[in-house]
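Here's the structure, in structure tokens; my notes come after.
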Amino acid sequence: MDELLIEHAGEPLWLLADKALYWPARQALLVADLHIGKAASYRALHQPVPSGTSEATLARLDALLARYTCSMLIVLGDFLHARHARTPTTLAKLAAWRERHADLQIILIRGNHDRHAGDPPAQLNITVHEEPWLLEPFALRHDPEAHPTHPVLAGHVHPAFVLHGRGRQRVRLPCFVVGPQVTLLPAFGEFTGGWNVVSRPGTRLYLTGAGQVWPIPE
């Protein structure tokens, strides 16, 4: 299945196979760690990396925004990768993408890369908040730190889980980590790494891969 309904903090939430979360009560699409312009940043340092990753990330956002009724897009940090990401080409692509969604409210929770890259250009009309930003019943953050009164939705970690098969077979997949205090979204960007997580008591893991999302037993 390409989406999975869970209930968290009394709210129905859709975990999407394309590494995003849909919150129907708020008509909000939540993503974390886009790292737009990361490849351009690496090329500025003369590193050979693939091209077209930012375009692919934005195209996936287009598809999700077309599929789900969204009045709000919430980015849980790391929208731009670095100052080197602010190339004329990357900014032009972002401007064209924003024009396609001119009526969409976009919220960015500042992450560590945002503080280095600087806030998005004003013409993108993105509202920026420091963490935590409270949107009942959740505290929205980039860093996965618990909040004293609200369950947290966060990014930053780029969680992934390793499945082991017969012999030495193994596959590493992005995942959602749903915990009572802190929930982690997988990195949405095309050109991102990952940090291996393990299943712990009281925490639910949901893997994404091959257009599907499914739970791992505790």
Which atom of [X] lies closest to which atom of [Y], heavy atoms considered:
X: A154; Y: D143; answer: CB-O, 3.9 Å
X: P137; Y: A9; answer: CG-O, 3.8 Å
X: A20; Y: L64; answer: CB-CD1, 3.8 Å
X: Y22; Y: T69; answer: OH-O, 2.5 Å
X: P159; Y: P186; answer: CD-CA, 3.9 Å
X: P120; Y: V128; answer: CD-CG2, 4.1 Å

- Residue pair K19, R60: steps toward the side chain to side chain contact (heavy atoms under 4.5 Å, CB included) verdict: CA-CA 10 Å; K19 301 183 291 185; R60 287 169 46 229; 3.5 Å; yes
Would you call [X] and [Y] a side-chain contact if the rule is heavy atoms closer than 4.5 Å?
X: L34; Y: D78; result: no
X: I74; Y: L140; result: yes
X: L61; Y: L73; result: yes
X: D2; Y: D18; result: no
X: M72; Y: L29; result: no

- side chain to side chain contact (heavy atoms under 4.5 Å, CB included) between R98 and N125: does it pass, once the steps are laid out? CA-CA 8 Å; R98 187 63 170 114; N125 191 25; 3.8 Å; yes
- Please determine, by modelled atom types, if D33 and H156 share a side-chain donor-acceptor pair under 3.5 angstrom. no
- Query: Can you tell me if H147 and Q181 form a side-chain donor-acceptor pair at under 3.5 Å?
  - Reply: no
Taking [Y]'s backbone N and O only, do any of them form a donor-acceptor pair with [X]'s side chain (distance below 3.5 Å, no angle check)?
X: E131; Y: H142; answer: yes
X: R141; Y: L76; answer: no
X: Q123; Y: A95; answer: no

- Aromatic ring proximity H158/H35, centre distance under 6.0 Å: yes
- Query: Ring centres of W14 and Y68 under 6.0 Å apart?
  - Reply: no
- Query: In a check of side-chain contact (heavy atoms from CB on, under 4.5 Å) between L184 and each of V152, V177, L205, which one passes?
  - Reply: V177
- Result of checking F138, F176, W23 against H8 for ring pair (Phe, Tyr, Trp, His ring centres under 6.0 Å): F138
- Query: Would a hydrophobic clustering, with Ile, Leu, Val, Met, Phe, Trp and Tyr connected at side-chain separations under 4.5 Å, put L104 with F79?
  - Reply: yes
- Going through the distances and angles, do L21 and L15 end up as a side chain to side chain contact (heavy atoms under 4.5 Å, CB included)? CA-CA 5 Å; L21 183 152; L15 306 183; 4.0 Å; yes
